[in-house]
Structure formats: C-alpha cells, structure tokens
Amino acid sequence: MSYVDEVLAKVKEKNASEPEFLQAVDEVLNSLRPVIEKNEEMYKKQALLERLCEPERQVKFRVPWVDDNGQVQVNTGYRVQFNSAIGPYKGGIRLHPSVYIGIVKFLGFEQIFKNSLTGLPIGGGKGGSDFDPKGKSDNEIMKFCQSFMTELCRHIGADTDVPAGDIGTGGREIGYMFGQYKRIRNLYEGVLTGKGLTFGGSLARTEATGYGLLYLTNEMLKSNGIDIAGKTVCISGAGNVAIYATQKAQQLGAKVVTCSDSTGWIYDSEGIDVALLKEVKEVKRARLDAYAAARPSAVYHDKKAEGSNVWDIKCDIALPCATQNELDIESAKTLVANGVLAVAEGANMPTTLEATEYFQNNGVLFAPGKAANAGGVACSALEMSQNSERLSWTFDEVDQKLQGIMVNIFHNLDAAAKKYGFEGNYVVGANIAGFEKVAEAMLAQGVV
Ligand code: NDP
Ligand code: 2IT
C-alpha cells in the first residue's frame, strides 16, 4: 500500500463521523501523490502527512448567553488551530446551525493550503459555533459574540491566532468580538481581521473575497484565450462573497443573472442590481423574495417547492459562493450540457468531488476554492500588516496588492500542475503549490 493510501485509511478510521473533513483530506492527499511518491520514504519516516492531518490544537467550549426574553441559551464554540508552520493560525469564524467539529476541521484544513498559496506568512485555523444568527436582535447577537469571545480570547492573539469572518460573521459580529477581546485582555491589537474602518480595519477587506475571485477567474480565462466581457455568469449565494463577486464581474463587462440564499433563488434577465441586493441583504437582512418584489425583471424561485437551483440557468461561467457541496453531479451535468466554460469556487468546497471530476473530464476550466477565494484571507493578512505598522493604506493600494496576489496564485498553480504533468488541472496545481511551502517549513522545524 502506498504511503498516501496508508494515511488516507488511517484518517478515515480516526475521523469516521466527519464526512466534510474526510472529503477535504481525500481531495488534497490524492492530488499530492506525484509529490509524495518522489520522496515517499522520507515523508513516511517523518510522518509528514499524519502530522498535516492532525490539528495542532482544537478547543471546544460552552457559550451561554441570555436572549431578549431573559431565557438562557447555550451554544457550542470551536476553534481549530490546525497548522502554524508558516505563520500564526489564520481563518474565519462560521456561525451557522450546521457547525460541528467536522465542518470546522474541513475549513481549517483547507485554510492551511489556501493561506500558503497567498504567499503571505499565515498558518491555518478556523472557528465557529452552532449559533444561528437568523432572526436574532442586535442585542442578542452582541450577547452571543461577547460570550463567545470571553472564552476564545484565552486562545488567540495578534501573533498567535487571528480569526475573521465567514458564514454568519460579518462586520457587526467582528466589531462586538473585538470590543470584548480588548476589554478582557486590555490589549488594542490586530487580533481579528475584517474590523470596522474606524478601529483598524482595512479598506477593500469587505470586497476582497469576491473581487479576488474575479481577478483569478479573469486570469484563468485570459490564459486560456477567453474574454470575460459579454459572458453570462451564474452566481449562488447572496452574502459577502456573492455580492462583491457580482459587482466585480459586472465591472469586467460580464452579465450576472442569478443569486440565491438558503430559501430561494433569483433569475434576473436584466442582470443583478447590486445596489438593491446590498440593500436587501446588508441593510434589511431580508430574504431574497424582497429583491424580486422590488425588481420587475427578477423572478423568485422557491428552492424546496420547485426543487430547482441557479445551476439550471444556461451560463458561460459558474461561481458557487454559498456553502459546501452546493454544486453536485446533477447540476454539473446540467451546466456542461448548457455549455459552461469555467467554474471557480467562491465558497469553500462548494463542488462535490464527483462534480469536480465531471467538469475536468468535460474540458471545463475549474478553479478550486483554496485558490479562487484566497483573496479574502490575503487581504486579512494585509490588514495584519497595516495593524503592525499602525498605518492604513488606501483602497487602491490594497486592491492593487490583491490583484497581484490573485494573478500570482493562478500562475503558481498553473506552473505546479505543468511541472508534475497535469497541465490544466488546477486542483492538483493548487494542492501541490500550497503543500510544498508548508511541508518544507514543517520539515525544517523538526518534530513538533
Ligand atoms: P455570508 O454569511 O455572508 O453569506 C452566505 C450565503 O450563503 C447566504 O446567502 C446564505 O443564505 C447562503 N448559505 C449559507 N449556508 C447555506 C446553506 N447551508 N444552504 C444554502 N445556502 C446557504 O457568508 P460569506 O459570503 O462570507 O461566505 C460564503 C462562502 O464563502 C462560505 O463557503 C465561506 O466559507 C466562503 N468564504 C468566505 C470568505 C469571506 O471572506 N467571507 C473568504 C473565503 C471563503 P442564508 O442567508 O439564507 O443562510
Ligand atoms: O475561508 C476563508 O478564507 C475566510 N473565511 C476568510 C479568513 C480570513 O482570515 O480572512
């Protein structure tokens, strides 16, 4: 049995109840075969892959808080500090009822390679809670965030572990968490990213994941001789990533015709109105039927009632920006039958392994999330730099750096894929390019 197969079997046995984590590990380790095979004996002796798949530390804690009726509520909080070989742990905090240790581990594992691909000194980590922010008052959100940080603050720090946003955690939540950290630790430091602009946040961090996704997608299209201008784009999600992906796609001359949330989706024949989408989602925090009600060209589809989704719409480019495993083999077949040219993942692992292979086998350009959505965390690292030097850069300065980083990421994974004989396979390219730096740092630092 090869070393990769041995480790895959061990990881499966040890983490049997964590399918999302196993899916992420499966994809990465299978991609790494050509690299591992070159040095199998040494890697095995060093147990490098076993170390890579075992978090350095994971914390699980009680989060009690009092709701607006005076009722005590209890949630579970998590922080997985996965790998600090190349820098302090870095990764978002997800607030969603589906959060359990397997989700946090899959996200933390992906983050190791994503952060490495940015070229910046950040290790991999992730956190979250099964708290559901939907329908909660501002006061309840604050109570939850304060209680969450009361425990989390013992485990993080500007040079230790720097959390940020993810699903359910945006500027409002980061603000409450920062306030509580500062109060308890009596430290004004860049311990979180995605902060408000008046207290250490970076310009362009809000836009960074969505913009970065388009910078990388555009570079991938260009190097395959395709012009993004005039193309039809389907985007899923209606949150931070989806909104700014839509905005940048439009700026590049493409037409975005869909968005979605957990209850339904929109087809807008005139192209999505970003200002209206922002008003509905960022200001009113409403459902997407409110978008359709305000826009004659938009049709609202109820996901459950119709069993349909945004991938049923004919498009040239598909950008899944909602959540894991939202694009399955059935949707992949529909997209291919409709002539899709490229798929780039704004969300983390939104495409199932089967769907990914289907795209690759049918000549569709496919950019994996750990490369395509790395703009968010890259900009977070730029926020850390600004906090360290106690300066703020202009929007254009940050945006220029972001563009450079995303273009670089594409060429690094393209080159890694070519070097190992997998030209055009950007999944293999991203995993190898991300792994090489982390592996070298881990080996240099000894058995830790
Ligand atoms: P938001 O909370 O801002 O938006 C999430 C969107 O996805 C919402 O429209 C939400 O709908 C929808 N969604 C979430 N969970 C589900 C679900 N289980 N089923 C269907 N729809 C769902 O999160 P972000 O935009 O920040 O994150 C989106 C994705 O991008 C995630 O995979 C995240 O990990 C990834 N990502 C985020 C980065 C960032 O900087 N924020 C960076 C890199 C990756 P509803 O409101 O109805 O729940
Ligand atoms: O998945 C991700 O990369 C994020 N949610 C952003 C992490 C960060 O630290 O900015």
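Bear in mind that the values here come from a model prediction, so they are computed numbers and not experimental data. Whatever order the structure lists them in is the order used to number ligands and atoms, beginning at 1.
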- Task: Starting from atom 2 (O) of ligand 1, find the nearest protein heavy-atom neighbour and note its residue, name and distance.
- Result: Gly168 N, 3.0 Å

- Task: Return a yes/no value: protein heavy atom under 4.0 Å from atom 16 (C) of ligand 1?
- Result: yes

- Got a salt bridge between Lys105 and Glu54, using NZ or NE/NH1/NH2 to carboxylate O under 4.0 Å? no

- Which protein heavy atom lies closest to atom 7 (C) of ligand 2, and at what distance to 0.1 Å? Gly92 N, 3.6 Å

- Message: Which residue and atom name correspond to the protein heavy atom nearest atom 40 (O) of ligand 1, and how close is it?
- Response: Thr209 OG1, 2.8 Å

- Note on the structure: closest protein heavy atom to atom 37 (C) of ligand 1 is Val241 CG2, 3.5 Å

- Is the shortest distance from a Lys or Arg side-chain nitrogen in Asp161 or Arg79 to a carboxylate oxygen in the other one below 4.0 Å? yes

- Query: Less than 6.0 Å separating the ring centroids of Phe199 and Phe178?
  - Reply: yes

- Quiz item: cation-pi between Lys182 and Tyr188, 6.0 Å / 45°: no

- Check Asn348 against ligand 2 and report side chain, backbone, both or neither, counting heavy atoms closer than 4.0 Å. side chain

- Task: Consider ligand 2: state whether an atom of it lies below 4.0 angstrom from any non-hydrogen atom of Lys126.
- Result: yes

- Message: Using a 4.0 Å cutoff against the non-hydrogen atoms of Gly165, which atoms of ligand 2 qualify?
- Response: 4 (C), 5 (N), 6 (C)

- Message: Out of Asn348, Asn373, Leu213, who is nearest to atom 32 (O) of ligand 1 when you count heavy atoms only?
- Response: Asn348

- Query: Under 6.0 Å between ring centres, would you say that holds for Tyr300 and Trp265?
  - Reply: no

- Query: Where does Ser236 meet ligand 1, judged by heavy-atom distances below 4.0 Å: at the side chain, the backbone, both, or neither?
  - Reply: neither

- In the protein, what heavy atom is nearest to atom 9 (O) of ligand 1, and what distance, to one decimal place, separates them? Ala238 N, 3.0 Å

- Using a 4.0 Å heavy-atom threshold (strictly under), name the region of His96 that reaches ligand 1: side chain, backbone, both or neither. side chain

- Can you tell me which residue and heavy atom of the protein come closest to atom 9 (O) of ligand 2, and the distance to 0.1 Å? Lys90 NZ, 2.6 Å

- Is there at least one pair of N or O atoms, one from Arg94 and one from ligand 1, spaced under 3.5 Å apart? yes

- Side-chain donor-acceptor pair under 3.5 Å between Glu20 and Tyr100, yes or no? yes

- Specify side chain, backbone, both or neither for Glu383, according to which of its non-hydrogen atoms lie closer than 4.0 Å to ligand 2. neither

- Message: Please state which option from Ser380, Ser260, Gly375, Gly239 has its nearest heavy atom closest to atom 4 (O) of ligand 1.
- Response: Gly239

- Touching ligand 2 at all, Glu110? Heavy atoms, strictly under 4.0 Å? no

- Task: Answer with yes or no after comparing the ring centroid distance for Phe148 and Phe61 against a 6.0 Å cut-off, counting only values under it.
- Result: yes

- Ring centres of Phe109 and Phe82 under 6.0 Å apart? yes

- Item | N/O donor-acceptor pair under 3.5 Å between Asn115 side chain and Gly123 backbone | yes

- Task: Check each of Ala378, Ala322, Ser262 against atom 45 (P) of ligand 1 and report the one with the nearest heavy atom.
- Result: Ser262

- Message: Checking a contact table here: which protein heavy atom is nearest atom 23 (O) of ligand 1, and how many Å away?
- Response: Ile167 CA, 3.4 Å

